[in-house]
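What follows is a single structure, written as C-alpha cells, with notes after it.
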Amino acid sequence: MIGRVGNEQVWRLRLWNKDLGVALITALALLAGTLLMWRTETATRPFSSPDNSLSLAYPARWVSVDSLSDLLLKVEDPQTVSLFKTTLSVEQRDIDPNNPPTLQALLDRRVEERSLLTAYHFLSETETTVAGTRAIVSDFAYVVQPIDEPRRPALPVVVRAREYIFVTANHSFYLTLAAPADEFDRLTDTFARIIASVEAP
C-alpha cells in the first residue's frame, strides 16, 4: 500500500513535468503566432508619386488594382470578406498656385461629384492635418453592386468611406479609404496609420 502511494507520487511528478513542458511549448507557439500576425498586420509597402510630391505606406498585403479614373494609386485588401474589397485610392490634381482653392470649395465639389453614387449619403466633415498640412476629412456612405451581370445574383454592399483633402503648393490631393460598412470601424487604426505615414514635401 505504501509502495503504491510512492509510485503514484513519482508518476504524478513525471506527468507534472510533461504537462509543464506541453504548456511551455503551447505558450511559445501562441506567442510566435501572435508576433507573426502582428508583423503581417503592420508590415507596409512604400509608395511615392512620380514627381515625388507625395509618399505614404500602406499594408504590404494589399495589392494594386486597375482603375477607370486617373489615380496615382489604387490598392485593395484581397482578404476582405466581401465582394467589395477594402480600398485606398490616391488622386492628385493640379492647382493654380497664385489662386489656390479653399478646402471647403474642394469638399463641396467632391460632394457634388459623389452625389452621383447610388444611395450616396454624406455623414460628416472635420478639420485635421495630413503631413503637417491643414486638411479636411469627410465621411460618407453609398451602395455598390459588385457583380452586375445577368444571372449572377449578388446582394448590394453598403460602403463607408473616409476622404482626406489637402493642398500643397502646386497640387490638391484626395486620399480615399473605403470599406464594407460592417468592416469600417475595425479598420480605423489601419487607416490612421496610412494617413500618419503621408509625406508631402
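These numbers come from a predicted model, not from an experiment.
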Exercise. Tell me, please, which residues at least two apart from Ser53 pass side-chain hydrogen bond (donor to acceptor under 3.5 Å, both in side chains).
Key: Ser49, Asp51, Gln92
Exercise. Write out all pairs satisfying ring-ring contact (aromatic ring centres under 6.0 Å, His included) with one or both partners inside residues 175-201, taking only residues at least two apart or from two chains.
Key: Phe184-Phe191
Self-check item: Heavy atoms of other groups near Leu155 CG, more than 12 under 6.0 Å
Solution: no
Quiz prompt | Between CG on residue Leu54 and CG on residue Leu175, distance to nearest 0.5 Å | solution = 6.0 Å
Practice problem: Go through the structure and list residues passing side-chain contact (heavy atoms from CB on, under 4.5 Å) with Ala181, not counting sequence neighbours. | Solution: Val158, Arg160
Exercise. Following the transitive rule for hydrophobic clusters with a side-chain heavy-atom cut-off under 4.5 Å over Ile, Leu, Val, Met, Phe, Trp and Tyr, establish whether Leu117 and Leu71 coincide in one cluster.
Key: no
Practice problem: Measure the spacing between CD1 of Ile136 and OG1 of Thr128 and express it to the nearest 0.5 Å. | Solution: 10.5 Å
Quiz item: Got a donor-acceptor contact below 3.5 angstrom from the Ser67 side chain to the Ser69 backbone?
Solution: yes
Practice problem: With sequence neighbours left out, write down each residue that passes side-chain contact (heavy atoms from CB on, under 4.5 Å) with Ser55, or none if nothing qualifies. | Solution: Ser48, Glu199
Practice problem: Please identify each residue that fulfils side-chain hydrogen bond (donor to acceptor under 3.5 Å, both in side chains) with Gln104, with sequence neighbours left out. | Solution: Asp108
Exercise. Of all the heavy-atom pairs spanning Ala200 and Ala131, show the shortest one and how long it is.
Key: N-CB, 3.8 Å
Practice problem: Would you please test Tyr142 and Thr118 for side-chain contact (heavy atoms from CB on, under 4.5 Å) and show each step? | Solution: CA-CA 6 Å; Tyr142 59 99; Thr118 302; 5.9 Å; no
Quiz item: Are Leu72 and Ile194 in one and the same hydrophobic cluster, where Ile, Leu, Val, Met, Phe, Trp and Tyr link if side-chain heavy atoms are under 4.5 Å apart?
Solution: yes
Quiz item: Looking at residues at least two apart in the chain, or sitting in another chain, which of them share a side-chain contact (heavy atoms from CB on, under 4.5 Å) with Arg134?
Solution: Leu103, Glu127
Quiz item: Considering all heavy atoms of both residues, which atom of Leu106 and which atom of Ser172 are nearest to each other, and what is their separation?
Solution: CD1-CB, 3.9 Å
Practice problem: Just jot down the side-chain hydrogen bond (donor to acceptor under 3.5 Å, both in side chains) partners of Asp139, sequence neighbours excluded, or say none. | Solution: Arg162
Practice problem: Applying ring pair (Phe, Tyr, Trp, His ring centres under 6.0 Å), name anything that partners Phe47, two or more places apart in sequence or on another chain. | Solution: none
Quiz item: Are Tyr174 and Tyr164 near enough that their ring centres are under 6.0 Å apart?
Solution: no
Quiz prompt | Distance in Å, Leu73 CG paired with Leu56 CG, rounded so as to fall on 0.5 Å steps | solution = 6.5 Å
Quiz item: Can you name the side-chain hydrogen bond (donor to acceptor under 3.5 Å, both in side chains) partners of Glu163, sequence neighbours left out?
Solution: Arg110, Arg114, Thr176
Quiz item: Would Leu177 and Leu107 show up in the same hydrophobic cluster when neighbours are defined by side-chain heavy atoms closer than 4.5 Å?
Solution: no
Self-check item: Other residues, nucleotides, ligands: >12 heavy atoms within 6.0 Å of Glu112 CD
Solution: no
Quiz prompt | Distance (rounded to the nearest 0.5 Å) between Asp70 CG and Arg93 CZ | solution = 9.5 Å
Quiz prompt | Connected via hydrophobic side-chain network under 4.5 Å: Leu187 and Val198 | solution = yes
Quiz item: Just how far is it from atom CD of Gln79 to atom OG1 of Thr86, taken to the nearest 0.5 Å?
Solution: 10.5 Å
Quiz item: Under 4.5 Å between any side-chain heavy atoms of Asp77 and Lys85, yes or no?
Solution: no
Practice problem: Identify whether the distance between the nearest side-chain nitrogen and carboxylate oxygen of Asp66 and Lys74 falls below 4.0 Å. | Solution: no
Quiz item: Between Arg45 and Trp62, is there a donor-acceptor pair closer than 3.5 Å when you use the side chain of the first and the backbone of the second?
Solution: yes
Quiz item: Under the side-chain contact (heavy atoms from CB on, under 4.5 Å) test, which residues partner Ser82, sequence neighbours left out?
Solution: Thr80, Phe84, Val157, Pro180
Practice problem: Go through the structure and list residues passing ring pair (Phe, Tyr, Trp, His ring centres under 6.0 Å) with Phe122, not counting sequence neighbours. | Solution: none
Self-check item: Linked, directly or transitively: Val167 and Val111 (ILVMFWY side chains, under 4.5 Å)
Solution: yes
Self-check item: Those residues that, when tested against Phe173, pass ring pair (Phe, Tyr, Trp, His ring centres under 6.0 Å) (two or more places apart)
Solution: Phe166, His171
Exercise. Give, for atom CD1 of Ile95 and atom CG of Asn170, the distance between the pair rounded to the nearest 0.5 Å.
Key: 7.0 Å
Quiz item: Between the main-chain N or O of Ile195 and the side-chain N or O of Ser197, is there a donor-acceptor pair closer than 3.5 Å?
Solution: no
